[in-house]
Amino acid sequence: MNRRWTFQTKVWLGFGVMVGLSALTAGIAVYALQTVVSSKDAVISVNARSLINAARLQAASNHASAGFRGFMAFPEKQRFIEEWTASRKEFQEVFTELQSRVNTERAKRLLAEIEQSHAAVLTVEDRCVGIRTTKGGLEAVAPIVQNEDLPRRDKLARDVTDFVALERSLLDDARSRSTARASTAGTLLVSLAIAAVSFAGVTALLLGRTLSRQIGSAVQHVQTSSAELQTSANQQATGAQETSTVMSEVTTTMSELLATSRQITDSGQQVAHIAEETATAARNGNQTVMKSQEGIESIRQQVNIVVTHMLELGKKSQLIGGVLDIINELAEQTNILSINATIEAAGAGEHGKRFAVVGDEIRKLADRVGGSTKEIRALVEEIRGAVNTTVLATESGSKAVDAGLRHFEDVTRAFKQITELVSTTTQAARAIELSTKQQMSAVEQVSSALSGAAQASRENEVTSSQTLQTATQLANLSRELSLIVRSHASA
């Protein structure tokens, strides 16, 4: 260790190294634990699961074989064919899951052989079931079962057994690797613990040796400092008298500052009160403007309703014009008919005079209808013009109402801004009031502290002599401590 380092530096250095070793040990322990746990999880989730699925595959194959043989012997019992069908389905599901989990070439090759053997068995068994179901007799399917199904079923069983054995060996290998990792991690942790204990022992020995040297050096400094303390104690007695006089003047100044702070606090309270009243007035004005805005909005809605009705009236007047056109056309046709009737009546002689009178009356009626139609058309045109004028005036009024509504919205926004500004002013006034109160409290505390400091300076004048005596005693004590350290070092 470097001799220029302090004892505290050396202690902290040793502590830091110990903390580093502890952190390293903890990190390695965590890493080892995670490695062991991941290995165990891999064994459980991959290898053990694959072994279980392999056993399920073997069981499903056996159940399918049993169901097939039961159906061959007793085709009238439906449960055998159901068991055979369910086992085939389970075999396919387990086989699909195994294909997604295996990750070794040998396992994949065995699964491929199992798939081929199972397909061959399914082909033969489907043919046997068809023969047994349709053509009857056990004698017809017995040769096929004996010569084709049993050899292929045995081949499938051997393939499944080989796959189960492979998965069991893979599980044993994974378990062995996991155990080896755990053993290696434990050995590493024990080595680090031994290294940490050895470092702690060496550090304690070195620190103990350097401590005595540093204490001796500190004693020499204490002897020098005690002499300086005796000199400063004499100067302290003189400075205490001057400090007492200055503290009296500062106490008087702080009293005046306290009175000024109280006046500022009162002014701050008045400003805050005025700001609160202004905020209340601004809020009331904002509410009034909002009510006026609601009234104008209602007027705008009514104007829109009037515009709508006037437009409907214009449409209806157009419809009346169309009806008048029809009536006018009917009057013209009636007039033509009456002229024709008059001509026919004149040709009929005495027999057509009455008919001529009726035709003349019809013509007069048609003329009156035509005249009335023209008058009604003129009135409709006047109504239409009045409606258009009213619509234009109403739209102008609606635009004026919208403009007024926008102005009210501007006024509302202005009132909101005023309210926000007044709220900000109120908060600022309250902050000023709080700050002045805190300042007054601080001034009171400073005044009290200065009074205590003045009293302390007077007491310091009394205790300066006691400090001188203590410095003398400290010098004597340092000499005695130096003798003890030297005797210990010589020993």
> Are Ile144 and Asp149 close enough, and set up right, to give a side-chain contact (heavy atoms from CB on, under 4.5 Å), and what steps lead you there?
Replying inline: CA-CA 7 Å; Ile144 300 175; Asp149 181 63; 5.8 Å; no
With [X] via salt bridge (Lys or Arg N to Asp or Glu O under 4.0 Å) - residues at least two apart:
| X | answer |
| --- | --- |
| Arg79 | none |
| Asp126 | Arg88 |
| Asp159 | Lys155 |

Any chance you could measure [X], atom [atom1], to [Y], atom [atom2], to the nearest 0.5 Å?
| X | Y | atom1 | atom2 | result |
| --- | --- | --- | --- | --- |
| Cys128 | Glu148 | SG | CD | 7.0 Å |
| Ile81 | Phe68 | CD1 | CZ | 9.0 Å |
| Glu312 | Thr308 | CD | OG1 | 7.5 Å |

>> Applying side-chain contact (heavy atoms from CB on, under 4.5 Å) to Phe80 and Thr85, what does each step give before you reach the verdict?
In response: CA-CA 9 Å; Phe80 289 114; Thr85 304; over 6 Å; no
Using every non-hydrogen atom in the two residues, find where [X] and [Y] come nearest and quote the distance to one decimal.
| X | Y | value |
| --- | --- | --- |
| Arg152 | Ala120 | NH1-O, 3.4 Å |
| Ala60 | Ser87 | O-CB, 3.5 Å |
| Leu150 | Gln146 | CD1-OE1, 3.4 Å |

>> Using the side chain to side chain contact (heavy atoms under 4.5 Å, CB included) criterion, which residues pair with Gln92? Sequence neighbours excluded.
In response: Phe95, Thr96
>> Test of understanding: with side chain to side chain contact (heavy atoms under 4.5 Å, CB included), list the residues that count as partners of Arg56, not counting sequence neighbours.
In response: Arg49, Ile52, Asn53, Glu90, Val94, Glu97
> Sub-3.5 Å donor-acceptor pair from the side chain of Ser65 to the main-chain atoms of Ser61, do we have one?
Replying inline: no
pair [X]-[Y]: side-chain heavy atoms closer than 4.5 Å:
| X | Y | value |
| --- | --- | --- |
| Leu156 | Phe91 | yes |
| Trp84 | Glu125 | yes |
| Val164 | Arg168 | yes |

N/O donor-acceptor pairs under 3.5 Å from side chains in residues 106-115, not counting sequence neighbours:
none

